[in-house]
Structure formats: structure tokens, C-alpha cells
Amino acid sequence: MNKLLTLISIFALGFTSTANEALRWGQIGHRTTGHVAEQYLTDKAAAEVERVLGNESLAEVSTWMDEVRSDDAYDFMAPWHYVTIPEGETYETVEKAEGGDIIWALEKVVKELKEGNLTQKQEEENLKILVHLVGDLHQPLHVGNGTDRGGNDVKLQWFWSNSNLHRVWDSEMIDDKQLSYTELSDFVNHPTEEQINEWQSTSIRDWAYESQDLLPQVYDFPEDKELSYEYSYKNWNTVEQRLVKAGVRMAGLINEIYE
Ligand SMILES: [Zn+2]
């Protein structure tokens with residue numbers, strides 16, 4: 001029986017790691033963006049968020065879209081976490097994915113929330129989708145170039161363990177700092193008024209192009225593909241900046257919806 005359980009858990013672990021291989025900031029990254037956003041909501045928007053989410057914070061719901069990956073009923077959302085824009089192309093020129101993509105999904109849920117003809121459940125789900133996808137869109141590798149599944153196929157060593165480029169950006173660099181999401185929020189959350197205004201004045205598509213523009217830096221790693229201190233040192237400021245921008249912009253969208 002014990003052997004069987006071990007086998008089952010090995011299988012389950014293997015399965016989970018394969019499923020998780022796809023496409024997300026880790027939990028700490030997502031929660032950081034939600035926690036930062038909470039601090040920039042207008043009073044009106046904060047009250048509306050509380051009406052919709054009850055006791056759950058934006059940080060708490062930020063990982064909902066990854067949790068429902070385990071539920072077949074939400075399979076249709078799987079392609080919404082990312083977009084593919086080959087080098088030299090733009091979202092406008094590229095052939096759109098059939099099941100939608102992150103830009104399409106974000107624009108759709110924002111439009112529906114603004115129109116306001118949603119049931120309580122739809123409004124709740126749309127808000128959770130918004131929170132998650134604003135975070136994902138700021139992780140540069142969620143705007144893939146179409147060659148390697150957003151860096152998932154770039155196998156490499158992270159501190160002498162097997163990993164891949166996508167995972168390094170989703171979670172490994174962040175987890176290695178050994179900070180909670182509230183600590184990380186405190187570290188990154190110092191934008192100036194000017195930055196807040198500038199960041200919030202840009203569009204969802206601009207955020208995707210910023211991620212695309214960061215890809216040369218993301219792919220700039222040693223030929224032996226052994227990444228550790230130096231890669232983290234070179235990229236940490238970018239990670240922090242993407243997290244705080246995501247949070248400030250998330251709040252901007254929510255404020256706009258409930259103004
Ligand atoms: Zn995601």
C-alpha cells in the first residue's frame with residue numbers, strides 16, 4: 001500500500017510539474033502585483049472590489065486562474081495566459097489564436113466590466129481574470145516569440161538544478177529572494193506620482209510591447225546555460241519593475257472600471 005501511495009504521489013508530482021511548467025508568475029509574483037494594486041485603488045473602486053470579492057483580497061484572487069487549470073470547466077481559458085508575437089511583428093499584424101490570447105482576454109473582460117451587464121459570478125470571475133492577466137502580461141515571456149513556448153523549451157540550469165527560462169522568470173528568481181509577497185511589495189512599491197501617471201496612461205497593448213522589448217535581455221544568458229547569481233543580479237531590477245508596474249496598472253484599470 002505504501003509503495004502504491006509512493007507511486008501515486010510520484011506520478012502526481014510529475015504530472016503537476018508538467019502542468020505547472022506552463023506560463024505564470026509564481027504565486028509570490030502574482031500576489032505581489034495584487035497587493036501593490038490594493039494600495040492605489042480609489043475609495044470607490046476599493047468598495048466595489050469588496051462588494052465583488054467579499055473578504056478575498058486582490059492578492060488572494062491573483063492566482064485563481066492558475067488554480068482553475070485543474071478544473072476541466074475552465075479549459076477554455078488555457079490560451080488566455082499568453083500571446084505569441086514573432087520577432088518583428090506586432091499584435092495587429094499577427095494571426096490571432098483561435099481560443100483567444102492574453103491581450104484579447106484582458107480587453108474583453110475590461111470591456112465587459114465597464115459595460116456592467118454581468119451576473120455577480122461573471123463579474124467576480126472577470127475581475128479575477130483581470131488581476132491575473134495584468135500580472136502575466138508583465139512577465140516578459142508571456143509575450144512569446146513563437147519559437148519555444150515562451151521559454152518553456154529553453155532547458156537550462158538554475159543554480160545547478162534543471163529548469164527552464166520561463167520558470168526562472170515566473171518563480172525561481174523571485175522565490176530565491178526568500179521574501180513573502182508583502183515583503184516584496186514593500187521593496188518594490190516606491191513609484192513617484194509621475195511614474196504612476198505615466199504607467200497608467202498606457203494601454204494593455206503597450207504593456208505587451210514592453211514585455212516583447214525586454215526579450216533580448218531575457219535571452220541574454222551564457223552559452224553553457226548555467227544561470228545563477230549573475231543572471232539574477234542583471235535582471236532583478238527588471239523583475240521588480242515589472243511587478244510594481246503591473247500592480248499600479250491593475251489599480252488603474254480597476255479604478256477606471258468603477259469610476
Ligand atoms: Zn497565468
Side-chain angles (χ1 to χ4, degrees), residues 21-26 29-30 33 65 76-111 129-130 132-158 163-174 195 198-227 230-246 248-250 252-253:
E21 203 179 21
L23 311 165
R24 63 202 184 105
W25 282 118
H30 272 296
T33 64
M65 268 190 98
F76 67 97
M77 289 184 186
W80 296 6
H81 296 254
Y82 60 95
V83 63
T84 301
I85 307 177
E87 212 184 318
E89 295 220 47
T90 65
Y91 185 64
E92 289 69 29
T93 59
V94 87
E95 197 183 329
K96 303 295 180 291
E98 210 168 290
D101 58 60
I102 188 168
I103 294 174
W104 173 87
L106 252 179
E107 290 179 348
K108 172 177 118 81
V109 297
V110 169
K111 181 167 176 277
I129 293 167
L130 181 159
H132 184 84
L133 294 187
V134 171
D136 273 354
L137 190 54
H138 282 75
Q139 204 275 55
L141 286 163
H142 282 247
V143 181
N145 59 20
T147 66
D148 57 15
R149 298 188 307 127
N152 276 293
D153 292 338
V154 182
K155 306 298 178 200
L156 43 74
Q157 298 284 304
W158 178 252
S163 187
N164 68 66
L165 190 60
H166 193 93
R167 200 154 92 198
V168 166
W169 278 82
D170 265 356
S171 53
E172 311 242 59
M173 273 196 285
I174 294 174
Q195 284 175 318
E198 189 194 319
W199 295 347
Q200 290 183 340
S201 70
T202 50
S203 71
I204 289 166
R205 294 185 188 201
D206 293 329
W207 311 343
Y209 292 131
E210 283 177 3
S211 277
Q212 192 184 29
D213 288 344
L214 285 167
L215 291 179
Q217 175 188 332
V218 169
Y219 282 88
D220 182 20
F221 49 77
E223 247 171 66
D224 63 10
K225 297 188 176 172
E226 290 183 5
L227 278 57
E230 195 188 339
Y231 188 83
S232 179
Y233 179 74
K234 282 198 313 193
N235 291 290
W236 181 247
N237 282 343
T238 302
V239 172
E240 287 190 324
Q241 232 213 5
R242 298 309 281 165
L243 293 171
V244 67
K245 275 188 173 175
V248 166
R249 286 164 168 171
M250 189 188 297
L253 278 184

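Taking both residues in full, the closest heavy atoms of G151 and Y219 are given as N-OH, 4.0 Å, listed atom of the first, atom of the second, then distance. G99 and P79 make their closest contact through O-CG, 3.8 Å (heavy atoms, listed as atom of the first residue, atom of the second, distance). For S171 against G26, the heavy-atom pair with the smallest separation is CB-CA, 3.9 Å. Taking every heavy atom of both residues into account, P140 and V218 meet most closely at CB-CG2, 3.9 Å.
Remark: W207 CH2 to I103 CD1 distance equals 11.0 Å, nearest 0.5 Å. Of the inter-residue distances, the one linking L156 atom CG with L227 atom CG reads 5.5 Å to the nearest 0.5 angstrom. Rounding to the nearest 0.5 angstrom, the gap separating the OG1 atom in T84 from the CD atom in E95 is 11.5 Å. Atoms CG and CG, on N145 and L215 in that order, are 6.5 Å from each other to the nearest 0.5 Å. Interatomic distance, Y91 OH to Q212 CD, rounded to the nearest 0.5 Å: 13.0 Å. A distance of 11.5 Å separates NE2 of H166 from CD of E172, quoted to the nearest 0.5 Å.
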### Task
Could you walk me through whether T202 and R249 pass side-chain contact (heavy atoms from CB on, under 4.5 Å), step by step?
CA-CA 9 Å; T202 50; R249 286 164 168 171; 3.3 Å; yes
### Query
Which is it for I174 and L243 under the side-chain contact (heavy atoms from CB on, under 4.5 Å) test, yes or no, and what are the steps along the way?
CA-CA 11 Å; I174 294 174; L243 293 171; 4.2 Å; yes
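Residues satisfying the side chain to side chain contact (heavy atoms under 4.5 Å, CB included) criterion with N235, sequence neighbours excluded, are W169, M173, Q217, Y231. Take D220 and apply the side chain to side chain contact (heavy atoms under 4.5 Å, CB included) test, not counting sequence neighbours, and it matches K234. Residues satisfying the side chain to side chain contact (heavy atoms under 4.5 Å, CB included) criterion with E240, sequence neighbours excluded, are F187, V188, W236, N237. Listed by chain and number, the residues in a side chain to side chain donor-acceptor pair (under 3.5 Å) with D206 are S203 (sequence neighbours excluded). K111 meets the side chain to side chain contact (heavy atoms under 4.5 Å, CB included) test with E115; sequence neighbours excluded. Legend: residues meeting side chain to side chain donor-acceptor pair (under 3.5 Å) with S201, ordered by chain and number and at least two apart, are absent.
H138 has its side chain out of reach of Q241: every pair of non-hydrogen atoms, C-beta onward, lies at least 4.5 Å apart. Put simply, the side chain of Y209 reaches to within 4.5 Å of the side chain of T90, judged on heavy atoms. In this structure, the side chains of V134 and T33 stay at 4.5 Å or more apart for every pair of heavy atoms. Side-chain contact between M65 and M77 is present, with at least one heavy-atom pair separated by less than 4.5 Å. Using a 4.5 Å heavy-atom threshold, the side chains of N164 and D153 count as separate. Side-chain contact between V168 and F221 is absent, with no heavy atoms from C-beta onward closer than 4.5 Å.
Here the rule is side chain to side chain contact (heavy atoms under 4.5 Å, CB included) with W80, and of I129, I102, D101 only I129 fits it.
Between H142 and H81, the distance separating the two ring centers is not shorter than 6.0 angstrom.
Of the N and O atoms on the side chains of D136 and H30, at least one donor lies less than 3.5 Å from an acceptor on the other residue. A donor-acceptor contact under 3.5 angstrom links the side chains of S211 and R242, judged on distance only.
Within 6.0 Å of CZ in F76 there are more than 12 heavy atoms belonging to other residues, nucleotides or ligands. Shown here is E230, whose CD atom has no more than 12 heavy atoms of other residues, nucleotides or ligands within 6.0 Å.
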